[in-house]
Peer 1: 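Have a look at the structure that comes next, please.
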Number of protein chains: 2
Amino acid sequence: MSNSKLYKGSLITIILKLLSENDKMYGYEITQKVKALTKGELNITEGALYPALHKLEADGVLEVEVTKVDNRLRKYYKLTEKGTTETANKLSELQKYIETMQALVNSKTRLA
Amino acid sequence: MSNSKLYKGSLITIILKLLSENDKMYGYEITQKVKALTKGELNITEGALYPALHKLEADGVLEVEVTKVDNRLRKYYKLTEKGTTETANKLSELQKYIETMQALVNSKTRLA
DNA sequence: AATATATACATAAGATTTTTATGTATGTAA
DNA sequence: TTACATACATAAAAATCTTATGTATATATT
C-alpha cells in the first residue's frame, strides 16, 4: 500500500475479496490487479503484501500451491473453507464501516 | 477506536468532521458524540484521542482554549483556517476511499 | 460514610500494520 | 548492457492504535 491513511486495515479484506472471485492468484498478480481495478489509485507494496499472505496462510485462511512458470517461481493462493467464511465476515465489516462513516460524514452533528 | 481494523486511519477525519460542524468541542465530548452518532458502534479510546488532538494542535490544524467548568478542566478545540482546508481534504479522501472500496467489492474481478 | 460511576485530562508500554529499503533471481526490451 | 518487468522475500523504521495506568472532581448509589 502507499496511499491515503484510510487504506490502513483494508489489505486483508482486499486480498480475500479478490480471491473470492478468482479462485487462485499469486502475489504479484494481486498487486497488478488492484492497481488496474483502482486505476492506479491504490498500490499495494510488497512489504505489506507478502507478510499478509504468509499470515493468512498460517491462519488457515489461504492455502498455497507452488508452481514454476517460465522458469520463475509462482505461489498461487486460494481460499480454504475457513477463508470463505472469513471473506464474508470481512466484507460485511467493510459494509458496516462504510455505512458508519457515511453516517458521520453526512449527518449534521450540531447539538440541538 | 474499536474492533474492526478498518477504523485505523479514520480518527483524524472523524475529529475534523465533527469540528467542522460544531465550532468548538472538547475531547471527552468528542468521544461521547461519536458513540452516540454511531449507536455505540465506534468507541474512541482516550489513548488514541488525546495524542491525536495534541498532534493536530502542534500542526496548526486546531487551536485550543482552556476553560474551567464546575471546577473541572476543559480544553476546547476549534479548527484554524488551515484546519478548515485540511478538513475538506480529508473528507474528499474519505469519499474517494469509499468509492474505491465499493468498486473493489462490487465489481466482478474475474479475468476475461 | 463509602463506593461506584461519570466527567475530564494525560501518558507509557505494547501490539499491529504499513512504508521504505534491501536482497535474490529470471526474462525481455531498449 | 542497461533498464524494466516479473516474482519472491525480509528487516528496520514509522505510524496508529489498544491496553493499562495515573490524577482529580462531581454525582449517584448503597
Side-chain angles (χ1 to χ4, degrees), chain A residues 1-16 24-36 40-59 61-62 64-77 90 93-94 97 111, chain B residues 1-16 24-36 40-59 61-62 64-77 90 93-94 97 111:
Chain A
M1 309 273 251
S2 64
N3 300 289
S4 125
K5 293 166 188 172
L6 295 167
Y7 288 103
K8 275 178 196 287
S10 318
L11 179 56
I12 300 296
T13 304
I14 293 169
I15 293 171
L16 295 182
K24 60 174 186 173
M25 294 183 87
Y26 54 100
Y28 185 76
E29 185 185 12
I30 292 174
T31 66
Q32 300 310 300
K33 195 73 187 168
V34 169
K35 195 186 292 185
E41 182 65 24
L42 210 175
N43 288 293
I44 294 178
T45 62
E46 296 158 303
L49 179 65
Y50 291 116
L53 289 173
H54 300 162
K55 186 179 187 308
L56 288 170
E57 189 196 349
D59 291 347
V61 171
L62 300 182
V64 73
E65 179 201 330
V66 181
T67 65
K68 217 162 193 184
V69 179
D70 290 332
N71 204 37
R72 239 196 249 106
L73 193 73
R74 265 190 202 173
K75 286 182 150 186
Y76 277 100
Y77 290 92
K90 288 291 182 187
E93 260 184 31
L94 175 61
Y97 166 77
L111 297 169
Chain B
M1 303 276 265
S2 87
N3 15 300
S4 155
K5 292 164 190 172
L6 295 167
Y7 290 103
K8 262 182 203 286
S10 316
L11 179 57
I12 301 296
T13 305
I14 293 168
I15 292 170
L16 295 183
K24 61 175 187 174
M25 293 182 90
Y26 55 100
Y28 185 77
E29 184 185 11
I30 293 173
T31 65
Q32 300 308 300
K33 195 74 186 166
V34 169
K35 195 187 292 182
E41 180 64 24
L42 211 177
N43 288 292
I44 295 178
T45 60
E46 296 158 303
L49 179 65
Y50 291 116
L53 289 173
H54 299 161
K55 185 178 186 309
L56 289 169
E57 189 195 349
D59 292 347
V61 171
L62 300 183
V64 73
E65 178 201 330
V66 181
T67 65
K68 218 164 193 184
V69 178
D70 289 331
N71 204 38
R72 238 196 250 106
L73 194 72
R74 266 191 202 172
K75 285 182 147 188
Y76 277 101
Y77 290 91
K90 289 290 182 188
E93 259 184 32
L94 175 61
Y97 167 78
L111 297 168

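All chains are named by letter (A, B, ...) in the order of the sequence lines, taking the proteins before the strands, and each is independently numbered beginning at 1.
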Peer 1: Can you tell me which residue pairs pass the side-chain hydrogen bond (donor to acceptor under 3.5 Å, both in side chains) test with a partner in residues 67-76 of chain B, sequence neighbours excluded?
Peer 2: B:Tyr26-B:Arg74, B:Arg74-B:Tyr76

Peer 1: By nearest heavy atom, map A:Pro51 and A:Val69 onto DNA chain D; which one lands nearer the 5' end?
Peer 2: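 Nearer the 5' end of the strand: A:Val69.
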
Peer 1: Rounded to the nearest 0.5 Å, how far does CE of A:Met25 lie from OG1 of A:Thr31?
Peer 2: 9.0 Å

Peer 1: Would you mind reading off the distance between B:Arg74 atom CZ and D:dT25 atom P, rounded to a whole angstrom?
Peer 2: 16 Å

Peer 1: Tell me: NZ of A:Lys75 to C1' of D:dA7, nearest whole Å?
Peer 2: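 Going from A:Lys75 (NZ) to D:dA7 (C1'), I get 11 Å.
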
Peer 1: Rounding to an integer number of Å, can you tell me how far B:Glu65 CD sits from C:dC9 C1'?
Peer 2: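 That distance rounds to 16 Å.
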
Peer 1: Taking side chain as C-beta onward, heavy atoms only, is A:Leu94 less than 4.5 Å from A:Lys90?
Peer 2: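 With C-beta onward as the side chain, the pair stays apart.
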
Peer 1: Is there a side-chain polar atom (N or O) of B:His54 under 4.0 Å from OP1 or OP2 of C:dC9?
Peer 2: no

Peer 1: Once you round it to whole Å, what is the distance between P of D:dA9 and CG of A:Leu53?
Peer 2: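 My rounded result for the distance is 8 Å.
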
Peer 1: What's the shortest heavy-atom distance between B:Ser10 and B:Leu6, and which atoms?
Peer 2: OG-O, 3.7 Å

Peer 1: Please report the interatomic distance NZ(A:Lys33) to CD1(A:Ile14), rounded to the nearest 0.5 Å.
Peer 2: 14.0 Å

Peer 1: Could you state the atom-to-atom distance from OH of B:Tyr50 to P of D:dA20 in whole Å?
Peer 2: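 Going from B:Tyr50 (OH) to D:dA20 (P), I get 19 Å.
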
Peer 1: How long is the span from the CG atom in B:Leu53 to the CD1 atom in B:Ile15, to the nearest 0.5 Å?
Peer 2: 4.5 Å

Peer 1: From the set D:dC8, C:dT11, D:dT25, return the single nucleotide nearest to any side-chain atom of B:Arg72.
Peer 2: D:dT25

Peer 1: Looking at B:Asn71, does any N or O in its side chain come under 4.0 Å of the phosphate oxygens OP1/OP2 on D:dA24?
Peer 2: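 Checking B:Asn71 against D:dA24: no side-chain N or O falls below 4.0 Å of OP1 or OP2.
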
Peer 1: Please give, in whole Å, the distance from C:dA8 P to B:Gln32 CD?
Peer 2: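 So the CD-P distance, B:Gln32 to C:dA8, works out to 9 Å.
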
Peer 1: The test is side-chain contact (heavy atoms from CB on, under 4.5 Å); show your working for A:Glu29 and A:Tyr77 and say whether it passes.
Peer 2: CA-CA 11 Å; A:Glu29 185 185 12; A:Tyr77 290 92; over 6 Å; no

Peer 1: Tell me whether the OP1 or OP2 atom of C:dA8 has a side-chain N or O from B:Tyr26 closer than 4.0 Å.
Peer 2: yes

Peer 1: Pairs under 3.5 angstrom, nitrogen or oxygen only, protein versus nucleotides 15-19 of chain D, please.
Peer 2:
unit_1, atom_1, unit_2, atom_2, d
D:dT16, OP1, A:Lys5, NZ, 3.1
D:dC17, OP1, B:Gly9, N, 2.8
D:dT18, OP1, B:Met1, N, 2.9
D:dT18, OP1, B:Met1, O, 3.3
D:dT18, OP1, B:Ser2, N, 2.7
D:dT18, OP2, B:Met1, N, 2.2
D:dT18, OP2, B:Thr45, OG1, 3.0

Peer 1: Could you tell me how far apart A:Glu29 (CD) and D:dA7 (P) are, to the nearest whole angstrom?
Peer 2: 9 Å

Peer 1: Could you state the CG-C1' distance from B:Asp70 to C:dA6, rounded to the nearest angstrom?
Peer 2: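 Those two atoms, CG and C1', are 13 Å apart.
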
